[in-house]
Amino acid sequence: MALHKVTEDIPPAFEDVYSTDVSESGLPRHRMPDTPSDPRAVCALILDELALDGNSSQNLATFCTTWAEPEVHKLMDVCLDKNMVDKDEYPQTAEIESRCVRILSDLWHCPSGQATGCSTTGSSEAAMLAGLALKRLWRARRQALGKPADRPNLVCGPVQVCWEKFARYFDVELRQVPLEADATGLRPHQLRDHVDENTIGVVGILGVTFTCDYEPVVELAAELDAIEADTGLDIPLHIDAASGGFIAPFLQPDLVWDFQVDRVVSINASGHKYGMAPLGVGWVVWRSADRLPEELVFRVDYLGGDMPTFALNFSRPGGAIVAQYYSLLRLGRAGYAKVYGACAATAQYLAGEIAGMGPFTLLYDGHGALPAVSWTLTEPDRAPFSLYELTDRLRTHGWQVPAYPLPGGRADTVVQRVLVRHGIGRDKVMLLARDIRTSVSHLTSGVPAEAAHPGFHH
Ligand SMILES: *Cc1c(COP(=O)(O)O)cnc(C)c1O
């Protein structure tokens with residue numbers, strides 16, 4: 001075979017990744033290959049497959065970090081071998097985790113020195129841990145009173161799916177209060193009908209996933225105070241600040257939502273969302289150590305060290321935690337405020353554009369909560385297109401802008417949402433607005449003029 005002969009004559013340094021053995025057929029899908037291959041070729045071919053994924057810088061659906069400074073890449077690389085569970089082998093990584101917990105409890109106004117907390121893989125694991133602590137404390141209270149403790153429930157508004165998961169995995173009834181007709185979150189006056197002696201806690205959301213605004217924490221706490229005064233039920237409040245925990249302190253510093261509210265016993269946040277850490281880190285902080293039942297903390301004598309842990313995982317990578325520390329130090333309070341001030345201004349700019357296009361009504365205009373925008377069709381029954389069709393159309397320009405129904409009680413309302421985060425700049429959003437305009441006119445043309453809503457611009 002002449003070709004083979006030629007190949008043999010070429011020194012390995014000249015080998016081309018697209019003409020090695022592994023490149024000449026599809027990548028194995030079911031069975032491990034018998035022999036090794038050139039690392040450059042395998043890597044290039046896998047990168048080619050990954051290129052088929054959506055472009056994360058045009059993913060306006062995710063809250064998660066998609067842009068990072070070169071220093072973050074460097075720290076992530078160096079931390080490839082840091083295992084969070086080996087606190088004895090990597091004591092400085094463990095120390096950095098503790099510093100982050102202290103910094104966050106200070107940021108969230110916890111009385112100094114009393115907080116306890118830990119990193120997690122994200123807000124979902126944080127929710128499991130916070131929910132477990134609520135459940136255990138409720139059970140202990142019930143048992144001390146000699147009362148049954150077998151029917152726990154958790155009361156919340158339109159929560160992210162992680163709370164449904166918590167409820168199912170840990171045998172808790174989730175009492176999700178339906179949205180009222182014009183509401184985007186839990187309203188304080190709804191609480192009384194849903195809480196009872198079996199309520200382990202109420203979850204308030206700082207940054208409702210579906211609409212991007214905040215639930216009124218002070219008012220929810222005041223209603224729980226009133227319920228306690230009337231019934232004696234002392235129901236703790238947990239705040240799911242997955243997104244808002246890294247926004248409110250900088251964009252709404254006067255908003256009271258955190259440990260300044262006495263009833264707030266614990267808070268979770270996603271470092272890998274607005275915390276500006278790469279994927280893989282969340283946080284949960286308890287107001288004081290007595291809010292985290294000691295029996296949930298494992299003190300294992302592991303490889304020679306005493307290691308208190310409260311986590312669902314055992315081994316876990318440390319890079320995102322170290323990178324979280326980097327972002328906190330590198331930007332400081334003023335840096336986070338500046339980054340998110342720019343994001344909020346960009347979100348508000350987009351809100352103005354959306355409002356001006358004609359067919360849309362803003363649900364959240366980027367003021368007062370997350371740097372984001374959400375909207376609905378003003379007249380979904382009369383509009384010549386649905387938001388799902390607009391989502392598809394935008395996808396042809398590479399944009400990922402989700403359309404979805406609101407949860408319980410408002411399932412008839414379909415919304416679209418854009419999150420503006422670090423790396424989503426003004427210029428990009430101007431191009432998005434251009435493409436939304438073009439898509440709307442594309443979807444509207446072809447429809448007989450009399451059927452088109454008069455508000456549409458052609
Ligand atoms: C994203 C989100 C979660 C889940 O957080 P992960 O970090 O993705 O696990 C929980 N609650 C809210 C409100 C969220 O926005």
Side-chain angles (χ1 to χ4, degrees), residues 56 59-66 84 100 104 108 117-132 134 154-170 174 176-177 179 184-186 201-217 220 237-248 257-258 264 266-285 311-313 316-317 319-321 323-324 327 340 343 364 369-374 400 402 404 406-408 415 417-422:
S56 69
N59 179 356
L60 302 173
T62 186
F63 286 88
C64 293
T65 302
T66 52
M84 284 320 295
C100 289
L104 293 180
W108 299 334
C118 57
S119 68
T120 59
T121 49
S123 278
S124 301
E125 188 188 8
M128 307 293 147
L129 302 182
L132 273 171
L134 290 175
L154 182 69
V155 173
C156 59
V159 281
Q160 208 261 2
V161 65
C162 71
W163 291 100
E164 294 173 35
K165 219 180 206 185
F166 161 72
R168 201 179 306 168
Y169 287 3
F170 296 103
L174 193 68
Q176 226 169 330
V177 179
L179 280 178
T184 53
L186 182 60
V202 169
V203 176
I205 317 167
L206 205 75
V208 176
T209 316
F210 307 94
T211 53
C212 306
D213 56 2
Y214 299 158
E215 288 183 338
V217 176
L220 290 172
L237 188 55
H238 170 87
I239 303 302
D240 179 354
S243 53
F246 285 100
I247 292 292
W257 64 274
D258 55 16
V264 173
S266 46
I267 297 174
N268 71 271
S270 296
H272 57 213
K273 290 185 175 175
Y274 290 108
M276 287 195 249
L279 275 171
V281 61
W283 301 96
V284 55
V285 175
L312 299 182
N313 298 61
R316 190 156 59 84
I321 291 154
Q324 174 76 82
S327 291
Y340 290 134
C343 290
Y364 171 64
L370 303 181
V373 191
S374 60
Q400 298 170 58
Y404 50 89
L406 287 180
V415 306
R417 184 192 72 185
V418 163
L419 295 169
V420 182
R421 48 179 200 278
H422 202 197

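Every number for a ligand or one of its atoms is a count from 1 in the order of the listing.
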I want to check something: taking the side chain as every heavy atom from C-beta on, are Leu419 and Cys212 in contact at a cut-off of under 4.5 Å?
yes
Gly207 heavy atoms, cut-off 4.0 Å: which ligand 1 atoms fall inside?
13 (C)
Quick one: which ligand 1 atoms are inside 4.0 Å of a heavy atom on Thr209?
12 (C), 13 (C), 14 (C), 15 (O)
Below 3.5 Å, N or O to N or O, backbone or side chain included: is there any such pair between Ser243 and ligand 1?
no
Between the candidates Cys162, Gly245, Ala242, which shows the shortest non-hydrogen contact distance to atom 12 (C) of ligand 1?
Ala242
Is it the side chain (CB and beyond), the backbone, both or neither of Ile205 that lies under 4.0 Å from ligand 1, heavy atoms counted?
side chain
Counting non-hydrogen protein atoms only, what is the nearest one to atom 11 (N) of ligand 1? Give residue, atom name and distance.
Asp240 OD2, 2.7 Å
Between Arg316 and Thr121, a side-chain donor and acceptor under 3.5 Å:
no
Nearest to atom 9 (O) of ligand 1, what protein heavy atom do you find, and at what distance?
Ser124 OG, 2.6 Å
Shortest heavy-atom approach to atom 6 (P) of ligand 1 - which of Ser123, Gly280, Pro158, Ala269
Ser123
Ser270: numbered ligand 1 atoms lying under 4.0 Å from its heavy atoms
5 (O), 6 (P), 7 (O)
If we only count heavy atoms from C-beta on, is the Thr62 to Gln400 side-chain gap below 4.5 Å?
no
Spacing of Leu104 atom CG and Asp258 atom CG [to the nearest 0.5 Å]:
11.5 Å
Spell out, as yes or no, whether a donor-acceptor pair under 3.5 Å connects the side chain of Gln324 to the backbone of Gly275.
yes
Non-hydrogen atoms of Val208 and Thr184 that approach each other most closely
CG1-O, 3.7 Å
Quick one: CG on Leu174 to CG on Leu154, what's the gap to the nearest 0.5 Å?
5.5 Å
Protein residue, atom and distance nearest to atom 2 (C) of ligand 1, heavy-atom basis
Lys273 NZ, 2.4 Å
Straight-line distance of Ser56 OG to Leu279 CG, nearest 0.5 Å:
9.5 Å
Quick check on contacts: which atoms of ligand 1 are under 4.0 angstrom from a heavy atom of His272?
6 (P), 7 (O), 8 (O)
